[in-house]
Amino acid sequence: MNRFPKGLPKKCLETIQNERAYQKQPTVLPEQKARFWLLKQATKEKLPRYQQKPRFGFKTHSREAIEGTYIDKKCPFTGNVSIRGRILSGVVTKMKMQRTIVIRRDYLHYIRKYNRFEKRHKNMSVHLSPCFRDVTVGDTVTVGECRPLSKTVRFNVLKVTKAAGAKKLGSSPEILRVVYFNSSLGSTVIDIGMGNK
């Protein structure tokens, strides 16, 4: 049974269907999207999209969650997940899974016998929504506890803080300063532009 009017463009679904199961937001009906595409020429309305604010004062991430076309039912901004419980932070160590990353949390453990601390760490698998596009290994992420999303995933990324050494694409060219020192002539300073990498 076809629920769309005849002659409607396939683009009206607006999402990239690259999974076996049909991807849709449960609160946005296909009829609403079809109606939007039929009336698009007359009005400047946005495509209907479900979004929510996670708790604890975290804002909906950037424009991607609000205006993006991705469908992720485990996303804390556009999916069916509520954040409750603990808020933790860690450093991204692996990004080899789909929509899931591994973070490392370092902490100190006190040993009473020696009256000293030892370093320990825990690795955690956390869900990474597609709205976070430019996450790389070494970035610091803030995660919030949610319901179990899989066998090992119980946390969801809420905020990403770029690593100190990371730079954005298209930044200003780097300058390499070379200092030559000769005992008879003194020192000579040469600046060399390295360009964008």
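This structure is a prediction, so every number in the text was calculated from the model and none was measured.
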Determine whether [X] and [Y] make a side-chain contact, defined as any pair of heavy atoms from C-beta on separated by less than 4.5 Å.
X	Y	value
K159	T140	no
T142	L88	no
L149	H127	yes
N156	V126	no
C146	R154	no
K151	S125	no
V157	I101	yes
T161	D139	no

Q. What distance separates S150 OG from R99 CZ, expressed to the nearest 0.5 Å?
A.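 The OG atom of S150 sits 13.5 Å away from the CZ atom of R99.
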Q | Interatomic spacing from NE2 in H121 to CG in D106 - rounded to 0.5 Å | A | 7.5 Å
Q | Test side chain to side chain contact (heavy atoms under 4.5 Å, CB included) applied to V137 - qualifying residues, sequence neighbours left out | A | M95
Q) Just by distance, do the side chain of R133 and the backbone of C131 share a donor-acceptor pair under 3.5 Å? A) no
Q.
Using only atom types and a distance under 3.5 Å, with no angle test, would you say the side chain of K73 pairs donor to acceptor with the backbone of T78?
A.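 Looks like no, no N/O pair under 3.5 Å.
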Q.
Taking side chain to side chain donor-acceptor pair (under 3.5 Å) as the definition, give me every residue that meets it alongside R105, ordered by chain and number, with sequence neighbours left out.
A. none
Q: Quickly, which of I103, L128, L158 forms a side-chain contact (heavy atoms from CB on, under 4.5 Å) with V143? Name it, please.
A: I103
**Q.** Qualifying residues under salt bridge (charged side-chain N to carboxylate O under 4.0 Å, His left out), relative to R147, sequence neighbours excluded
**A.** none
(Q) Tell me which pairs pass salt bridge (Lys or Arg N to Asp or Glu O under 4.0 Å) where either residue lies in residues 118-131, with sequence neighbours left out. (A)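 Residue pairs passing salt bridge (Lys or Arg N to Asp or Glu O under 4.0 Å), neighbours aside: E118-R120.
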Q: Not counting sequence neighbours, which residues clear ring pair (Phe, Tyr, Trp, His ring centres under 6.0 Å) with Y110? List them please.
A: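 Only F117 meet the ring pair (Phe, Tyr, Trp, His ring centres under 6.0 Å) criterion with Y110.
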